[in-house]
Amino acid sequence: MITEKIAQLTAEVSKLQAQTAQDVETLRIKYLSKKGALNELMADFRNVPAEMKKEVGMKINELKALAVERIAALREQLDEQSAESDDADLTRTPYPVRLGTRHPLTLVRNEIVDIFSRLGFTLAEGPEVEDDWHVYGSMNFADDHPARDMQDTFFVEAHPSVVLRSHTSSVQARVMERQQPPIRVVCPGRVYRNEAISARAHCFFHQVEGLYIAENVSFADLKQVLMLFAQEMFGKDTQIRLRPSFFPFTEPSAEMDISCFLCGGKGCGFCKHTGWVEILGCGMVDPAVLEASGIDSAKYNGYAFGMGVERITNLKYQVSDLRLFSENDARFLDEFTAAN
Ligand code: PHE
């Protein structure tokens, strides 16, 4: 009985045909699935007398191998046909499709903008190719200020008064030109400086600057906003410290340090054992800057601040070499997948 069944199934299996992938699947279910013909045979096998078990067992194994092979062959044949056929979609993206990640500088820029937008700042952007007036003149740089020197600024050869902006303060100038106070903006963007490329310097980098102009703005307002920013960005226990500094466009001016993000202020290699790391420049907008853009400095005053996105990113993620940000090495970018 069982030997006849095996012979009949063997004949059947060796002639199997299929037109579609669905046919192949139906055959697989019919012969090879849990409730398929082969498993049914195995159930009958239990009743085979002991002396015949070896012979019958071998036959069943042969049949099973034949069925597996035949069904695999049919599937392969269909796959080949569909690859050759005219309706194969040659424009389809090849698998596997790699999932992209946001660039770390974009992540940090967004985070900075997001924190300030919760404090009421709106976004302002402006051109990277600028004129001397918006980058320097309106920002109270004297004609012979060293920042205008070839060492720092990229000039457009045919037009010496056209430059690649060296800071995003130029966007502040453009906002003040077209809008009367109250003004509360953050200006993120790429800036250019003529520096030799190394692990610690690059000829382009990114900044976010902020500007607040209204009536009776005080240095305490500036300090409060910067403290909120530092604590949102680096954690609630972050301390800030302001040191006197100089910028042509602010008076008084300061540089802000935060307690070292890595050691919590105790002192480590990263903060050069001082417990503090510098993160931004700031100050009260010089009245001359307001006047240059048509804002009445007797009525209004305000503050400005500016920070490097690379620097903040380095603090958050300890990126040791600035060049990594612009080399687009997928191994580096992939490390930020979890932060996306
Ligand atoms: N524009 C300054 C720079 O590029 C940063 C800054 C902005 C400082 C606003 C003070 C106020 O270095």
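Ligands are counted one by one from 1 in listed order, and the atoms in each one are counted from 1 as well. These numbers come from the heavy atoms of this one structure, side chains and all, not from hydrogens, waters or symmetry mates. Owing to the predicted nature of the structure, the values given are computational and were not obtained by experimental measurement. Position 1 is the first residue of the sequence, and the numbers go up from there.
- Nearest protein neighbour of atom 9 (C) of ligand 1, counting heavy atoms only, is F305 C, 3.4 Å.
- Heavy-atom contacts of A304 reach the following atoms of ligand 1: 9 (C), 11 (C) (cutoff under 4.0 Å).
- Side-chain atoms of K223 and L242, non-hydrogen and from C-beta on, do get closer than 4.5 Å to each other.
- Scanning the protein heavy atoms around atom 5 (C) of ligand 1, the nearest turns out to be E209 OE2, 3.8 Å.
- Distances between N or O atoms of H167 and those of ligand 1 include at least one value under 3.5 Å.
- The two residues A230 and M256 make their nearest non-hydrogen contact at CB-CE, 4.3 Å.
- In this structure a side-chain-to-backbone donor-acceptor pair under 3.5 Å is missing from E251 to D286.
- Residue contacts with ligand 1: M139 is excluded, as none of its non-hydrogen atoms falls under 4.0 Å.
- Scanning all protein heavy atoms for the shortest distance to atom 2 (C) of ligand 1 gives F249 CZ, 3.6 Å.
- Look at K59 and E62 and you find no salt bridge, because none of the NZ, NE, NH1 or NH2 atoms lies under 4.0 Å from a carboxylate O.
- A salt bridge links E278 with R243; the closest basic N to acidic carboxylate O contact falls under 4.0 Å.
- Within the 4.0 Å heavy-atom criterion, the part of S169 lying near ligand 1 is the side chain and not the backbone.
- Of all the atoms in ligand 1, the ones that sit under 4.0 Å from a non-hydrogen atom of Q207 are 3 (C), 4 (O).
- Here the side chain of T106 pairs no donor or acceptor atom with the backbone of R102 at under 3.5 angstrom.
- Note: F204 and H202 have tilted aromatic rings, judged against thresholds of 30 and 60 degrees for the angle between ring planes.
- Heavy-atom separations between R193 and ligand 1 include at least one value shorter than 4.0 Å.
- Under a 4.0 angstrom heavy-atom cut-off, Y303 registers as lying outside contact with ligand 1.
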